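Please read the structure below before turning to the comments.
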Amino acid sequence: MNPKKPRDKRELCYPFIFETQFQCDYEIATDELCCQVGAVLSHLAPDAELAPMQADLAALQRLIYNLNGSVRGRLGIFEEDLAWLKGRYDHYNEASRGRVTGFVLPQGPQPIPTLHLCRCGSKKVVRLLVRLEESGVRFDPILYRFANLLANFFFVLTVYLKQLWQVDEVPYVSINY
């Protein structure tokens, strides 16, 4: 019996799990990112002030899964998605303008640490796109733009939530640069 092609489909977690190319790694990374967004949503109690953010995160879950399938399948991220996310970024950035002027430590009450994990996960997605392109896989450059914007969006959400909840930012001053 070949363990990579089990007869019992319950023994196979994902049809592409044994691929040696980066597509599967990319799909797992975007799936993980979508799960992290779900974890953020689970920490946000129903609240009128948070309702727009909850709606934004719910919309992002669908877009992240569209991002997921945009390398192996048809393109699922479009200019209007990018414009929407830029608008939401601008909204939260403007609402917390001037709060962060340098590096800060990624900490605070939940879901802030999970949002920071979303930020890091978005960066991993960008890096996997780099590896995919380097390996010869072609895809629309909008995926780079969207994934980079996602990382920045998740950061600005941490700043916005900390301001809303009156949680201080903890500055980090590098000894390296």
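Every value quoted in this text rests on a predicted model; they were computed, and no experiment measured them.
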> Counting heavy atoms not belonging to Arg74, are there more than 12 under 6.0 Å from its CZ?
Replying inline: no
>> Are the side chains of Phe18 and Lys5 in contact, using a 4.5 Å heavy-atom criterion?
In response: no
> What closest approach, in Å, do Val37 and Leu57 show between heavy atoms, and which atom pair accounts for it?
Replying inline: CG1-O, 3.5 Å
> Tell me, which pairs form a side-chain hydrogen bond (donor to acceptor under 3.5 Å, both in side chains) where one or both residues lie in residues 25-39, sequence neighbours left out?
Replying inline: Tyr14-Glu27, Glu27-Arg72, Thr30-Asn68, Asp31-Tyr65
> What pairs with Asp8 under salt bridge (Lys or Arg N to Asp or Glu O under 4.0 Å), at least two apart in sequence or on another chain?
Replying inline: Arg10
> Where do Trp165 and Pro109 come nearest, in terms of heavy atoms and distance?
Replying inline: CE3-CG, 4.1 Å
> Does the side chain of Val137 come within less than 4.5 Å of Gln23's, by heavy atoms?
Replying inline: yes
> Nearest heavy-atom pair of Cys118 and Leu33: which atoms, and what distance?
Replying inline: O-CD1, 3.3 Å
>> Minimum heavy-atom separation for Ala147 and Leu129, please, with both atom names.
In response: CB-CD1, 4.3 Å
>> With side-chain hydrogen bond (donor to acceptor under 3.5 Å, both in side chains) as the rule and sequence neighbours excluded, what pairs involving residues 108-117 come up?
In response: Gln110-Thr114, His116-Arg119
> Which pair of heavy atoms, one from Ala151 and one from Lys123, lies closest together, and at what distance?
Replying inline: CB-CG, 4.2 Å
>> Please give the remaining members of the hydrophobic cluster of Val104, linking ILVMFWY side chains under 4.5 Å, ordered by chain and number.
In response: Val100, Phe155, Val159
>> Show every salt bridge (Lys or Arg N to Asp or Glu O under 4.0 Å) that has at least one partner inside residues 76-92, sequence neighbours left out.
In response: Asp56-Arg88, Glu79-Arg145
>> On a heavy-atom basis, which atom in Gly108 and which in Lys162 lie closest, and how many Å separate them?
In response: CA-CE, 4.3 Å
> How does the hydrophobic cluster around Leu105 look, that is, which other residues are in it when side-chain heavy atoms under 4.5 Å mark a link?
Replying inline: Phe103, Val170, Tyr172
